[in-house]
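Notes follow once the structure below has been shown.
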Amino acid sequence: MAQTTPVVESENKKVDQLFYYFNNGSETKAYREAHKSLRTFKSNKAITNTNLLLAYYHNKYVAIDSSIYYTHQALNSKKNVNDSLGVRLTILSYQLLALNNKNKGLYQESKKWHIKGAELSEKHNETNLYYTHLHGLASTYVTLGKTEEALELFEKCIKFSKDDELILGSYINLGSIYSSLSKYEISNAYLQKAKEICEKDTHKKQALVNVIINIGDNYLGKGETDKALSAFYEAKEISNDTRSYNLELIILGKIGTVLFNEERNNEALLIFSNTLIKAVNLGNLDIEMNSYLMLEKLSLRKGDDRSAYNYGKYYYQIKDSIENSQRQQEINNLEVKFKTLEKEKTIKVLQIENLNKSLNIKNKDADIEKYKLQEAIIAKQNENQVLQLQNGVEKRKNEIALLKEKEALKAVELDREKTIKYIVLVAFFILLIPIVGLLVIYYQKLQAQSLLNLKEKEINEQQVISLKKDQELKLIKASVRGQDQERKKIAQEMHDSVGGNLAAIKLQFSQLYNQPDKLKLIYSQLDDTYEQVRNLSHNLLPKKIRENDFVFLIKEYIHTVEEASEITINLSFYDEEKINTLSKILQNELFSIFQELATNTLKYAKANTIDIQLDFLNECLFFVYEDDGIGFDLSIITLGIGLTNIKNRVETYNGILHIDSKPNRGTNINIEIPLKA
């Protein structure tokens, strides 16, 4: 003992160090060191605790089978069954086995380990572990559909447990249960309490995920599908960040189910395919089985019978595997009990033999008979128990054989259904061929009708264009007639007034040499002639220019253009009062420019919007005209008569004209006219 004590103490310190690594964020380091140390440890305590640490490590990263293996290794290496540390280790091992079997989808097995752990905890006054197992048992009851039992246990944990984690988990689970009962107000009350606890501690990310999942379920229950999906995707992101992969699987199942119910088949198919791969990698048989079931339903909805058959086959294989696994576990337990009874029988026989040897010679014969009788009774009892156990084993084996026969019959039935579906598909394709032919004929008729309608549309457009051209021709003719009348009036005015004055002035000049006093009269006649020419120039301006404000005329003209077309025109003037004071001749030139640009846009640009801006700033006039039409390439197109006239008008006033246009980018025209002499 003097030699082994330092070794034991050293190993215990090493184990404490491993748990310190594990509990302070260095799980990988703890895992590697534990494997190395396990090969060198000599004491049972160190070996047991190291196996338990490895079980916790694999449980955290959802390596279920590995966690179960190391838990059993910890139980097998534990020698002191009845000391306090040994009892506590056993209770913790039962908890790990319950959690791992639940993650594996074996809920009955999980329930068994939780019950055993609770009984052992209560027996040895391990209060905290007792409520831990009660909480786990309540969660298992929820999964098994035993709602009332689960509610009772969760309320008990909240009332009597001192563990904040258990209280938080109970609030979350109660919120989930009442949500499933459509009691959303009660559910939200519990979830709000859970949320408040999570918000006080930033490390409770996994609990926060559960809260968000249940909030999403409440949205779903109230028919608010978009808010539910948003909550589920938020929970998925947090669970992925915290490596809570089993929670992520549950969330993916919820998202997939919502998408399936919304008939968003392609999205649902992607979700369940992803879920299936992750469930297989994590060994979660329950999620894997549900994924196959939903993929089967999606395939049937899309008419893919072959895929549906394959998914259904895998679904039933996993389902039967789970049931067989649980039955096999029961058989193994019966075999263990049988072997235990055999050992007990051997021990009792040896005890009887020892008693026989210790009898006094005087009472030897009587006592021997008595103990032989007891041995016979014990042997008979053991024989009956063994027979009962053997009968139980045979019964279980018969049940398994019957299940296998049912599975074979089910496979035959599936094959028969598959054959029927193939026959139906062949018949469907036979009927489909003439239907396709009729559809092709109908499609050809639709194409012919479409071409006919297109031709009619082109003819109508040509007629509209022809009518527009006729209308333009009438306007041009009317304009020409007006111009002719104006020319006649101008000619008459020039002949009658200006011509007469000039003739009189000429006559006066011829007599000026002999009559020098007529010079004043000649000057007077020249002034009169200048005024007549000035008045004649003003009379040449259109009446609407002479009698109206310029801004009003532009707005009126734009209103007319908008009513006659589908173009939106945006106007901007600054400053309107100054613009209205421009010379009437300049106003007339600007109005002509407005008309020419608007006409070009209507004819060629195919625009939806025109933006016009006219600003009078710093004795300079700025005019910007922009449309969102098809534009043109200035490098390959020469200016037409209209744009040439605009350029000439601008240059008359020493102005600057800039045209910016690109194909499919619209046209921008900038004009700058200085007004200061």
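Any value given below was found using the heavy atoms of this structure, including those in side chains, with hydrogens, waters and symmetry copies removed.
Residue pairs meeting the salt bridge (Lys or Arg N to Asp or Glu O under 4.0 Å) criterion with at least one member in residues 253-263, sequence neighbours excluded: D217-K254. Each ring-ring contact (aromatic ring centres under 6.0 Å, His included) pair with one or both residues in residues 257-298, not counting sequence neighbours, appears once here: Y292-Y314. Identified under the salt bridge (Lys or Arg N to Asp or Glu O under 4.0 Å) test for residues 121-140, with sequence neighbours left out: R88-E126. Among pairs with a residue in residues 161-180, those fulfilling ring-ring contact (aromatic ring centres under 6.0 Å, His included) read Y178-Y190, at least two apart in sequence or across chains.
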As a quick check of understanding, evaluate salt bridge (charged side-chain N to carboxylate O under 4.0 Å, His left out) for K146 and E149, giving each step before the final call.
CA-CA 6 Å; K146 296 182 177 182; E149 292 89 337; 5.5 Å; no
Criterion salt bridge (charged side-chain N to carboxylate O under 4.0 Å, His left out) on E413 and R416, from CA distance to verdict:
CA-CA 5 Å; E413 181 65 22; R416 188 177 71 83; 2.7 Å; yes
Tell me, with the steps shown, if K104 and D65 meet salt bridge (charged side-chain N to carboxylate O under 4.0 Å, His left out).
CA-CA 9 Å; K104 203 172 177 66; D65 293 330; 2.7 Å; yes
Verdict with reasoning, R264 to L229, per side-chain contact (heavy atoms from CB on, under 4.5 Å):
CA-CA 13 Å; R264 293 159 65 174; L229 280 175; 3.6 Å; yes
Between N608 and T568, does a side-chain contact (heavy atoms from CB on, under 4.5 Å) hold up when you go through it step by step?
CA-CA 6 Å; N608 296 316; T568 301; over 6 Å; no
Determine, step by step, whether L282 and I64 satisfy the side-chain contact (heavy atoms from CB on, under 4.5 Å) criterion, reporting the C-alpha distance in whole Å, the side-chain angles of both residues, the deciding distance to 0.1 Å, and the verdict.
CA-CA 7 Å; L282 296 175; I64 299 172; 5.7 Å; no
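Considering every non-hydrogen atom in both F232 and I251, the closest pair reads O-CG2, 3.2 Å. When all heavy atoms of A74 and L52 are compared, the closest pair comes out as CB-N, 3.9 Å. Considering all non-hydrogen atoms of both residues, I91 and S121 come closest at CG2-OG, 3.2 Å. Annotation for A279 and E288: closest pair CB-N, 3.7 Å, computed over non-hydrogen atoms. In terms of heavy-atom proximity, S187 sits nearest to G175 at OG-O, 2.5 Å. Looking at every heavy atom in both residues, I172 comes nearest to N214 through CG2-ND2, 3.5 Å.
The backbone N or O of Q449 sits less than 3.5 Å from a side-chain atom of N453, completing a donor-acceptor pair. Between the side chain of N261 and the backbone N or O of T257 there is at least one donor-acceptor pair closer than 3.5 Å.
Residues satisfying the side-chain contact (heavy atoms from CB on, under 4.5 Å) criterion with F160, sequence neighbours excluded, are Y131, K156. With sequence neighbours left out, the side-chain contact (heavy atoms from CB on, under 4.5 Å) criterion links V15 to F19, F41, A46, N49, T50. For F154, the ring pair (Phe, Tyr, Trp, His ring centres under 6.0 Å) partners at least two apart in sequence or on another chain are H135. Applying the side-chain contact (heavy atoms from CB on, under 4.5 Å) criterion to Q73, with sequence neighbours excluded, gives N51, Y69, N76. Remark: N246 pairs with V62, N103, L249, N284 by the side-chain contact (heavy atoms from CB on, under 4.5 Å) rule, at least two apart or across chains. For E148, there are no side chain to side chain donor-acceptor pair (under 3.5 Å) partners, not counting sequence neighbours. By the side chain to side chain donor-acceptor pair (under 3.5 Å) test, S179 is found to be paired with N218, residues two or more places apart in sequence or in another chain being considered.
More than 12 non-hydrogen atoms from other residues, nucleotides or ligands lie less than 6.0 angstrom from OH of Y309.
Within the 4.5 Å cutoff, no side-chain heavy atoms of V209 are placed close to those of E248. The closest side-chain heavy-atom distance from N100 to E109 is not below 4.5 Å. With contacts defined as side-chain heavy-atom distances shorter than 4.5 Å, the pair Q317/K313 qualifies. By the 4.5 Å heavy-atom criterion applied to side chains, N128 and K162 are not counted as neighbours. The shortest distance between side-chain heavy atoms of V142 and S176 does not fall below 4.5 Å. No side-chain heavy atom of D164 sits under 4.5 Å from any side-chain heavy atom of I197. Counting only heavy atoms from C-beta outward, the side chains of S110 and L106 never approach each other to under 4.5 Å.
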I'd like a table of donor-acceptor pairs (distance under 3.5 Å, sequence neighbours excluded) in which one partner is a side-chain atom from residues 421-441, with atom names and distances.
from: Y422; atom 1: OH; to: R306; atom 2: NE; distance (Å): 3.2
from: Y422; atom 1: OH; to: R306; atom 2: NH2; distance (Å): 3.0

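Annotation: the span from K111 atom NZ to T140 atom OG1 amounts to 9.0 Å, rounded to 0.5 Å. To the nearest 0.5 angstrom, L129 atom CG is 6.5 Å from H133 atom NE2. Within the model, atoms OG of S299 and CG of L269 stand 7.0 Å from one another, a figure rounded to the nearest 0.5 Å.
Counting only N and O atoms by type, the side chains of Y233 and E237 include no donor and acceptor under 3.5 Å apart. Residues Y31 and E27 bring no donor and acceptor atom of their side chains to less than 3.5 Å of each other.
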